[in-house]
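Read the structure below first, then the notes.
If you're wondering where the values come from, they're calculated on a predicted model, not measured in any experiment.
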Amino acid sequence: MEVVMIDRRVLLATLSASAAASLSLPPGLAAASAPPKARNVVLVHGLFADGSCWSQVIARLQAAGLNVTSVQNPLTTLPDAVASAERVLARQDGPTVLVGHSFSGMIVTEAGLHPNVSALVYVAARAPDAGEDYAALAKGFPTPPATAGIVFDGDEGRLSEAAFLRDFAGDLPQAKAKVLYATQEPFNRTLLTGRTTQAAWRSKPSFYAVSTEDRTINPDLERFMAKRMGAKTIEVKASHLSMISHPAEITRLIMEATGLHGAHARLDDGAG
């Protein structure tokens, strides 16, 4: 039998090269291909909505045997919102997929380093880097139409009815969109000034659902953020509210993030 002697310097050089190669991979790319198995899902809503916006996704995830919690996000300040999500994450009994829509991508990015979080899912969501000025980032892309529809009563902001129906929930039946408009949660102006101090997508498996017909966040900005984080990305022909107009597609992406590909759920398409 031939014995191969490996020079110690060659071995160290090989190991160093392997480590450097792994560090050069896009953030989250390698991990996203095989996320840890998780039976808990925590959902976070964004501006102009509340926790019920996830209802159709929740029903499908529960049908797959998952434990699901939808956070009632206080739209006051970013630290308040992050703390609310972290309290829910702390109650989970094991690996948990953290999902955020729209503004709550800021919360996912900050709270996603919680040890219970096994993977991140962004649904037409903000995905800033640590300390990044999201508003400055967004200025590099055409301003989405919904921006002009934000109205303030003192420091309390909301979306006008016209903008809500046209630019936020544009692919939903109007009667349904009007119900959502009536229940939208106002936000405090201070919320928009917050910046993340860390970016969980740099170390956690990440997934992103781009809404191609989005009029609230520019779709090309969504694509840029998804590519930058190395996320497993799908594109959904939907308005900003893809989890309502296309709940099956969003549920499939979340199921992929759980790593439980064998689970069965009612994933029929349609707004239901």
Side-chain angles (χ1 to χ4, degrees), residues 43-59 70-78 80-81 84-85 99-108 122-127 134-135 137-139 141-194 209-222 225 235-250 269-272:
L43 307 162
V44 192
H45 69 84
L47 304 184
F48 323 124
D50 65 11
S52 68
C53 67
W54 293 104
S55 295
Q56 295 180 69
V57 171
I58 291 170
S70 184
V71 178
Q72 292 293 359
N73 170 24
L75 300 175
T76 49
T77 68
L78 183 59
D80 285 349
S84 180
V99 186
H101 172 247
S102 192
F103 176 86
S104 72
M106 302 277 290
I107 301 168
V108 169
Y122 293 80
V123 179
R126 300 186 181 196
Y134 177 82
L137 173 67
K139 285 180 181 178
F141 298 82
T143 302
T147 300
I150 299 175
V151 293
F152 283 93
D153 179 11
D155 286 332
E156 190 175 82
R158 56 179 52 80
L159 207 56
S160 71
E161 183 174 11
F164 193 103
L165 300 181
R166 180 185 62 244
D167 303 323
F168 188 66
D171 61 347
L172 298 183
Q174 188 173 80
K176 187 167 191 172
K178 283 188 173 183
V179 171
L180 294 171
Y181 168 74
T183 61
Q184 74 166 300
E185 184 76 11
F187 68 93
N188 191 288
R189 191 189 300 266
T190 306
L191 183 69
L192 303 180
T193 65
V210 172
S211 285
T212 63
E213 312 305 303
D214 205 324
R215 293 169 61 86
T216 301
I217 295 180
N218 185 282
D220 284 335
L221 173 56
E222 294 177 14
M225 292 184 291
E235 297 211 353
V236 184
K237 189 174 182 178
S239 70
H240 195 55
L241 292 178
S242 58
M243 70 282 203
I244 299 177
S245 62
H246 292 75
E249 292 171 68
I250 300 305
D269 288 300

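Counting all heavy atoms, side chain and backbone alike, Ala81 lies closest to Asn73 at CB-OD1, 3.1 Å. When every heavy atom of Ser211 is checked against every heavy atom of Glu222, the shortest pair comes out as N-OE1, 2.9 Å. Heavy-atom minimum distance, Tyr122 versus Ala127: CE2-CB, 3.8 Å. Of all the heavy atoms in Ser242 and Ala238, the pair that sits closest is CB-CB, 3.7 Å. Asn218 and Asp220 make their closest contact through OD1-N, 2.8 Å (heavy atoms, listed as atom of the first residue, atom of the second, distance). Across all their heavy atoms, Ala125 and Gly105 have their closest contact at CB-CA, 3.9 Å.
Residue Ser160 holds its OG atom at 12.0 Å from CZ of Phe168, rounded to the nearest 0.5 Å. For the atom pair CG of Leu159 and OG1 of Thr147, the computed distance is 9.0 Å after rounding to the nearest 0.5 Å. To the nearest 0.5 Å, the span separating CZ on Arg215 from OG1 on Thr143 amounts to 12.5 Å. How far OH of Tyr134 is from CD1 of Ile217: 4.0 Å, rounded to the nearest 0.5 Å. Summarising the geometry, atom NZ belonging to Lys139 is positioned 11.5 Å from atom CG belonging to Leu137; distances are rounded to the nearest 0.5 Å. Atom CG in Leu192 sits 11.5 Å away from atom OG1 in Thr77 (nearest 0.5 Å).
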Inset, instruction - List the steps and the verdict of side-chain contact (heavy atoms from CB on, under 4.5 Å) for Leu75 and Leu47. - result: CA-CA 7 Å; Leu75 300 175; Leu47 304 184; 4.2 Å; yes
Legend entry - Working for side-chain contact (heavy atoms from CB on, under 4.5 Å), residues Met243 and His101: CA-CA 9 Å; Met243 70 282 203; His101 172 247; 3.3 Å; yes
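Under 3.5 Å, the side chains of Asp214 and His240 contain a donor-acceptor pair of N or O atoms.
A donor-acceptor pair under 3.5 Å is absent between the side-chain atoms of His45 and the main chain of Trp54, judged by distance alone. Side-chain atoms of Gln174 never come within 3.5 Å of backbone atoms of Leu165 as a donor-acceptor pair (strictly under, hydrogens ignored). The backbone N or O of Gly51 lies less than 3.5 Å from a partner atom in the side chain of Gln72, making a donor-acceptor pair. Side-chain atoms of Thr216 come within 3.5 Å of backbone atoms of Asp167 as a donor-acceptor pair (strictly under, hydrogens ignored). With hydrogens and angles ignored, the 3.5 Å screen pairs no side-chain donor or acceptor of Ser104 with any backbone N or O of Ile107.
For the pair Leu180 and Ile244, the minimum side-chain heavy-atom distance is below 4.5 Å. The shortest side-chain heavy-atom distance between Val99 and Val44 does not fall under the 4.5 Å cut-off. Put simply, the side chain of Ile150 reaches to within 4.5 Å of the side chain of Phe48, judged on heavy atoms. Using a 4.5 Å heavy-atom threshold, the side chains of Ile58 and Leu43 count as touching. A 4.5 Å side-chain heavy-atom check between Glu213 and Lys237 finds at least one atom pair inside the cut-off. For the pair Leu172 and Leu241, the minimum side-chain heavy-atom distance is below 4.5 Å.
In this view, Asp171 satisfies the salt bridge (Lys or Arg N to Asp or Glu O under 4.0 Å) rule with no residue, not counting sequence neighbours.
Ion pairing between Arg158 and Glu156 holds under the 4.0 Å rule for side-chain N and carboxylate O.
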